[in-house]
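Accompanying notes for the structure given below.
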Amino acid sequence: MKQTRTESAQAIPTDQKIQRAAERRPLTLPARLTWKDNRGATRFASVVTRNVSEYGVLVECQTAVSIPMYRLVQFQLERDVRDTDPLPASLRHGRVLSAVYRVTSPTPSTGRQCLALRLMVEPKQQEAEDVTQTRATA
């Protein structure tokens, strides 16, 4: 019998679960994806974030999109929500180059699908931005 991703994740004992590099925060904000398709045409999609972390974001597409795994995309939050409190610094400055590392199929009821994106930010650069931001607010 084929095991789904959620079933296999639940089967791992809590003490053996993989530690994440950064905490995920549930956050629902409007955003946009931009990428080039196989023919080189620029494509856009409106999305909504479901959770964010320092190095990744899970987005839900309003309509089904054809973006393959590992495709590089530009992720950008809408301008009026970039100052939201729990938002990582890397997402406050506009476009962030990201790689698609998980794609879910559209649901039959809504036709929406989710994409997991890995933000292409260097950890040292991210730490420097966080320090600068902390000094500015102190």
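Note that these values count all heavy atoms, side chains included, but never hydrogens, waters or copies made by symmetry.
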| Among all residues two or more places apart in sequence or in another chain, which pass the side chain to side chain donor-acceptor pair (under 3.5 Å) test with Thr34? | none
Would you say [X] and [Y] make side-chain contact, with heavy atoms under 4.5 Å?
X: Glu60; Y: Val47; answer: no
X: Tyr101; Y: Leu117; answer: no
X: Arg95; Y: Arg32; answer: no
X: Arg112; Y: Gln62; answer: yes
X: Arg102; Y: Leu115; answer: no

| task | Could you give me the CA-CA distance, side-chain angles and deciding distance for Phe75 and Leu33, then say whether side-chain contact (heavy atoms from CB on, under 4.5 Å) is met? | result | CA-CA 5 Å; Phe75 173 77; Leu33 294 180; 3.7 Å; yes
| request: Under the side-chain contact (heavy atoms from CB on, under 4.5 Å) rule, what do Thr49 and Leu91 come out as? Steps first, then yes or no, please. | output: CA-CA 12 Å; Thr49 63; Leu91 296 177; over 6 Å; no
Tell me whether [X] contacts the main-chain N or O of [Y] through its side chain, where contact means a donor paired with an acceptor under 3.5 Å.
X: Arg79; Y: Gly94; result: no
X: Ser98; Y: Val96; result: yes
X: Thr84; Y: Val81; result: yes
X: Arg92; Y: Leu87; result: yes
X: Arg25; Y: Pro86; result: yes
X: Arg118; Y: Tyr55; result: yes
X: Gln113; Y: Cys61; result: no

To the nearest 0.5 Å, what is the distance between [atom1] ([X]) and [atom2] ([Y])?
X: Ser66; Y: Asp37; atom1: OG; atom2: CG; value: 8.5 Å
X: Glu78; Y: Ser46; atom1: CD; atom2: OG; value: 6.5 Å
X: Glu54; Y: Leu119; atom1: CD; atom2: CG; value: 9.0 Å

Quick one: do [X] and [Y] end up in the same hydrophobic cluster if we chain Ile, Leu, Val, Met, Phe, Trp and Tyr together by side-chain heavy atoms under 4.5 Å apart?
X: Phe44; Y: Ile67; answer: no
X: Val59; Y: Val48; answer: no
X: Tyr70; Y: Leu58; answer: no

| said: Applying side-chain contact (heavy atoms from CB on, under 4.5 Å) to Val100 and Trp35, what does each step give before you reach the verdict? | reply: CA-CA 11 Å; Val100 176; Trp35 73 99; over 6 Å; no
What are the two closest heavy atoms between [X] and [Y], and how far apart are they?
X: Gly111; Y: Pro106; value: O-CB, 3.4 Å
X: Ala99; Y: Leu72; value: CB-CD2, 4.0 Å
X: Val121; Y: Ser90; value: CG1-CB, 3.8 Å

| Of Asp83, Leu29, Leu27, which is the lone residue that meets side chain to side chain contact (heavy atoms under 4.5 Å, CB included) with Leu77? | Leu29
| task | Give the intermediate values and the outcome of side-chain contact (heavy atoms from CB on, under 4.5 Å) for residues Arg71 and Asn38. | result | CA-CA 10 Å; Arg71 177 66 49 122; Asn38 291 337; 2.9 Å; yes
